[in-house]
Amino acid sequence: MAAGYDYEEAPGTYDDANRQDVGYDPNFVPDSVKSFVVHLYRHIREKNVYEIHQMYEISFQTLSDRLFKDTPWPSVDAVAHYVDNDQVFCLLYREMWFRHLYARLSPTLKQRIDSWDNYCSLFQVVLHRVVNMQLPNQWLWDMVDEFVYQFQSFCQYRAKMKNKTEQEIALLRQFDQAWNVYGVLNYLQAFVEKSNIIQILEQEKEGGEQFTATDGYDYSGGSNVLKVLGYFSMVGLLRVHCLLGDYQTGLKCLLPIDISQQGVYTSVIGSHIATIYHYGFANLMMRRYVEAIHEFNKILLYIYKTKQYHQKSPQYEQILKKNEQMYALLAICLSLCPQVKLVEETVNSQLREKYGEKMARMQRYDDEAFAIYDELFSYACPKFITPSAPSFEEPLVNYNQDAYRLQLKLFLYEVKQQQLLSGVRTFLKVYSTISLGKLANYMEVDETTLRSILLTYKHKTHAVDSDGKIISNADLDFYIDDDMIHVVESKSVKRYGDYFLRQIVKLEGVITDMDRIKLE
Amino acid sequence: MGRETPKQQQQVSYTVEQLVAVNPYNPDIVPELENYVNEQVSSQTYSLDANLCLLRLYQFEPERMSTQIVARILVKALMAMPAPDFSLCLFLIPERVQMEEQFKTLIVLSHYLETGRFRQFWDEAAKSRHIVEAVPGFEQAIQAYAIHVLSLTYQKIPRSVLAEAINIEGLSLDKFLEHQAANSGWILEKGHVRGQLIVLPRNEFNHPELKKSATETVPLEHITRIFPILG
């Protein structure tokens, strides 16, 4: 197992309340904060989505950097009277308050529990009351994203029982419903159902509804909050299922979103990346390597072209991190399924630079190779969790690595099963026909073993796709006629259909332009 | 559970599938899902989604896990090969449970099937009758998988290789071959040096010239995008 693998999180075992208290007065409200909440409150009431977005994305960050580098924002009680004690605004403010805390400081157990309570209250308002706001997609995505993140963080925190204080254990026992897995999953599911988002997306395909076309915003006087939260919750569900190791169900939850097209999920870069990262990872674990390579290739190219526009954004670091992780996953996929033709030129050269040497070593399938697979998997995988409540019996242990260890072990097991295929591939590249006897000789195995190896090659390179069909992902293929192996090189992929479609659209564009000129 | 009429059975599975689709994150449905596993075993049906749902719930509350039910789920998953269902289930089963004897055996069986080692598989399965005989249809399902992989690989296969893979010999094999020849397009060729050769049906995997280039099929949705232009 890769040494030094740990979930990056500032250690939360000491009493962080002390750290936070130094120089922090929860009731002190600087003028800039007063101005911030007053204006934000007004914009939300007036549904000025653009201004809300500017304040949410930029002003909040600027103020945080300037005044709250390592302390929390003023407490909600201190600012409530500036905003008419509006319940919904206070819940939103608190959500941002906790998010800032998690990002800059280390939450205490009590704060984790309070944050859970806040999400429950906020979500219940959205689910059960008629909410009249329009909020920017960025904010709505951040809510879902942060909700899942805090759940993941809590599971990891809770699983480290060894050094828990008596106080912490008592709190955990008392508030055993906080961040329980049923609650988290059921909220996400409730958003999906109550928003009717699946039916909306269906109807949109037939031209009945407008959702993607308006980026999820409601231009007929209503609210986008429930619908868009429902939409992003599908990505949230995919993410939670990946954390649990249930890749099949995760992909099922994402099914209503067509990732071959633009959509609301691409309207926020964080959502776009999270979706494809988890989609690709799930496909990798389900051995659908071609599908994973295809999607990683697309998003890595997209990030390459667009990351410069996000340099000032607070998400920039996360974007870079996910970018690196996806290159690692792509390296793994291509080592297990060598189909370099699927990778675009720019992405390929980046890949060679980062992992060229490692990929060469991975394909040797010796002990060193397994160590590299281990390393890359551990670096790039999601932070798997154990969702069940801890045992409070002595001796208290840390079990926060159990889930990760299991996924890694099963992944390496699969890699090991493919070990002998590398040797076969080398020989198949060189011969167009070869007898079983001769090949068995070269590979220093008996004929029966060779037959098994060849069957393994066929089985592992022919995956079952989501519709139950068999698709070959072999670059090099063969068939056996009694005792002769006939090698078949797969035809290079020329996408004539796509090419013609593109040219048709282009030509239409040119004709339209020309028509316009004539009329003028 | 007693003998249920087919109509009743159909009603039960309809409800369970609905539950899994609509209300899967609910600890109260564990007993129904467990019953459903037993029903899948006895009526030779299969539902991966329902079984994954149950394994997830076991993950949420490990004290409720029934290793007997989990073992049955794994056997059913094995029967679903070449689909990767077996590993999908393993991802959800804690490591310490996987270390138990019956699960270690099932993992070994899966390993043999994944790596085309059919003789070793049938040997091991014979030693573990209590596990595999508890699930009707097991033998046929594995034989179907074996034939599937052989069909990807061979245009013509020696009788002995086939026999070892599907664990049928002698007169039973003769009958089996006749049946396949009559119904599935197998052709039995008279012996060469090593005896009978069986010609398996042609498909795009053992006859590459039959492979429709995937690139030549354009999905309908892509064409619909240019309907406004064509129209």
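Just the heavy atoms: all of them, side chains too, but no hydrogens, waters or symmetry mates, feed the values below. Order of the sequence lines sets the chain letters (A, B, ...), proteins ahead of strands, with each chain counted from 1.
Heavy atoms only, all atoms of each residue included: A:Leu406 and B:Pro94 are closest at CD2-CA, 4.4 Å. Nearest heavy-atom pair across B:Gly116 and A:Leu455 is O-CD1, 4.0 Å. Contact detail for A:Gln189 and B:Ala21: the closest heavy-atom pair is NE2-O, 4.0 Å. In terms of heavy atoms, B:Arg56 sits closest to A:Asp246 at NH1-OD2, 2.6 Å.
Under 4.0 Å is where a charged nitrogen must lie from a carboxylate oxygen, and between B:Glu114 and A:Arg287 at least one such pair does.
B:Phe91 and A:Tyr247 have their aromatic ring centers within a separation under 6.0 angstrom. Aromatic ring centres of B:Tyr25 and A:His241 lie closer together than 6.0 Å.
For a residue to count as touching a neighbouring chain, one of its non-hydrogen atoms must lie under 4.5 Å from one of that chain's; by this rule B:Val199 does not touch chain A. Contacts of A:Met285 with chain B are made by both backbone and side-chain atoms, with heavy-atom separations under 4.5 Å. For A:Leu188, no part lies near chain B; criterion is any non-hydrogen pair under 4.5 Å. Residue contact with chain B, scored on non-hydrogen atoms closer than 4.5 Å, is absent for A:Gln419. When heavy atoms are compared at a cutoff of 4.5 Å, B:Pro27 approaches chain A by way of both its backbone and its side chain. Contacts between A:Lys252 and chain B at a heavy-atom distance below 4.5 Å involve the side chain alone, from C-beta outward.
Between chain B and the residues A:Met286, A:His462, A:His486, the most heavy-atom pairs under 4.5 angstrom are made by A:His462. When each of A:Leu421, A:Leu244, A:Val464 is scored by its heavy-atom pairs under 4.5 Å with chain B, the top score falls to A:Leu244. Contact count against chain B (heavy-atom pairs under 4.5 Å) is highest for A:Ile470 among A:Ile471, A:Leu507, A:Ile470. Interface remark: of the candidates A:Glu193, A:Lys205, A:Gln248, A:Gln248 forms the most heavy-atom pairs closer than 4.5 Å to chain B. With chain B as partner, the option from A:Thr386, A:Thr512, A:Asn180, A:Thr249 having the largest number of non-hydrogen pairs under 4.5 angstrom is A:Thr249.
A distance of 8.0 Å separates OG of A:Ser472 from CD of B:Glu204, quoted to the nearest 0.5 Å. Note: A:Ser452 OG to B:Arg119 CZ = 8.5 Å, rounded to the nearest 0.5 Å.
Ring pair A:Tyr413/B:His111 is tilted by interplanar angle, where 30° to 60° counts as tilted.
A donor atom on one side chain and an acceptor atom on the other are not found under 3.5 Å apart for A:Arg451 and B:Thr153. Defined by atom type and a distance below 3.5 Å, a donor-acceptor pair is present between the side-chain atoms of A:Tyr182 and B:Glu61.
Checked by atom type and distance alone, the side chain of A:Thr456 pairs as donor or acceptor with a backbone atom of B:Thr115 at under 3.5 Å. Not a single donor-acceptor pair under 3.5 Å links the side chain of A:Lys458 to the backbone N or O of B:Asn206.
By the side-chain contact (heavy atoms from CB on, under 4.5 Å) test, A:Val415 pairs with A:Leu336, A:Tyr365, A:Phe370, A:Tyr373, A:Phe411, sequence neighbours left out.
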